[in-house]
Student: 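There's a structure below that I have some questions on.
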Protein chains: 2
Amino acid sequence: MTSSEENYIKGIFHLSQGGQHSITTSALAEKMETKPSSVTDMVKRLAEKGLLHYKKYQGVRLTEEGAGHALKVIRKHRLWEVFLVDKLNFAWDQVHEVAEQLEHIESEMLVDRLDALLNFPEFDPHGDPIPDKEGRFKTREKKLLSAMPAKSRGICVGVKDSSSQFLKFLDKYHIELGNTIEVLERESFDRSMHIQVGKRKLQISHQIASNLYVKPQPE
Amino acid sequence: MTSSEENYIKGIFHLSQGGQHSITTSALAEKMETKPSSVTDMVKRLAEKGLLHYKKYQGVRLTEEGAGHALKVIRKHRLWEVFLVDKLNFAWDQVHEVAEQLEHIESEMLVDRLDALLNFPEFDPHGDPIPDKEGRFKTREKKLLSAMPAKSRGICVGVKDSSSQFLKFLDKYHIELGNTIEVLERESFDRSMHIQVGKRKLQISHQIASNLYVKPQPE
DNA sequence: ATAAATATTTAGGCAAATCTAAAAATATGT
DNA sequence: ACATATTTTTAGATTTGCCTAAATATTTAT
């Protein structure tokens, strides 16, 4: 399987996570930053290989085999991200590009030993779960910070947008995974929020709050 | 630069190490396990990019830029080999294939941090020198064991053949880099040798002796 | 319900990297 | 030195993954 094929499979998998039963050609084209006609070409090839179901004009859906393959690529991607952060001291906004390359290295032994070296991590530096050898992964209760009511608290467990710009913004305001975030007040006018992180109080826009996942805490 | 182009550049570099001023199309085709006509196509492209000198029917020679690029790829390959052995406990006969893939990952930061993680190693698991960031590498006095006279001693510092079969053979007879090898006697008939490694005495064929490098020791 | 807008596929082309078969240049042997 | 053998290059084809432009199917709106 080529890198390009793997990237398509991964792209379809991610779009499917959004709840869609079937992924349209144009949605996939946008995700892959390519043209719909190129997508049509590729999905025909992947359908022939049994990795996805495709009927003309009906969009695509991964087969079991395709989904399994996607999980393997995602596992590799996330493990490499952990490696880069934990072992090579990369910042969390610097890992994606490199992991995009490393995820295509083929060697089961490499992946399994890397997993062991990193102590079988369950989440990557952005809070996304890492599938195990069998493709299983932990899920945890999480809500967008923007969906949390005033006076509630949550532990920051992940980001929705993992672009470098957003991650650097979080760094700047010292918001990191594991922090407890308390919602002090919500502004209904612009949907901005007053929050407290540790001892620091700050005001964040809706755009920020709607890209941060927290695990709600009782009381 | 594509992986394929990098592999050609690397192949030419290695062939040039053998002392040849100019590398023929057919020698390169054999090295790359491809056909001479494919080589002609590729070297034309590489010549256009300024990575090598090529005149029809005259063979090829790397430019400064080409050689610099080759050294970078070789640096990455060998660093990854050290990583696989030191950090992931790969055996020395299991690293080549995976390193062939990893050597094409593009990220200067990755390479430099990997180098630091490994404590700036100067030699890879097969005893080959690792170029530094500037392409410089240590050379050390080494001779083929087969060229050592009887009653001489040397420290095993490298292998010429790094095929899995040969490396496994060495494992089987507990010959490893760093061992002191003493030549007890040479058989002129079949050029086999009686050697002593640590406390063990063994007889090795010329084929083995001519693929093991040693650093000759005085007296 | 039918026309207009949108989405998707087809057709034909291009670049990279390979191949085979044929042509051209170089090297070798007597 | 000249014919033969070998090496190298050229020509034309294939596959992957992409493109543009045109054709076709589907969806939407009146």
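Within every chain, numbering begins at 1; the chains are lettered A, B, ... in the order of the sequence lines, protein sequences first and strands thereafter.
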Student: Strictly by modelled atom types, are B:H69 and B:E65 linked by a side-chain donor-acceptor pair under 3.5 Å?
Tutor: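 No, B:E65 and B:H69 have no side-chain donor paired with an acceptor closer than 3.5 Å.
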
Student: Could you tell me if B:R78 sits above the aromatic ring of B:F137, with its cationic atom closer than 6.0 Å to the ring centre and no more than 45 degrees from the axis?
Tutor: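 Judged by the rule (NZ or CZ under 6.0 Å from the ring centre, within 45° of its axis), B:R78 is not positioned above B:F137.
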
Student: Before accepting this row, confirm whether a basic side-chain N of the pair B:K72/B:E108 lies closer than 4.0 Å to the acidic partner's carboxylate O.
Tutor: no

Student: With a 4.0 Å cut-off, would you call A:D132 and A:K138 a salt bridge?
Tutor: no

Student: Is any side-chain N of the basic residue among A:D112 and A:R75 closer than 4.0 Å to the acidic one's carboxylate O?
Tutor: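 Between A:R75 and A:D112 there is a salt bridge, with a charged N closer than 4.0 Å to a carboxylate O.
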
Student: Which parts of nucleotides 6-19 of chain D does protein reach within less than 4.0 Å, heavy atoms only, written one letter per nucleotide 5' to 3' as B for base, S for sugar-phosphate only and - for none?
Tutor: --SBB-----SBBB

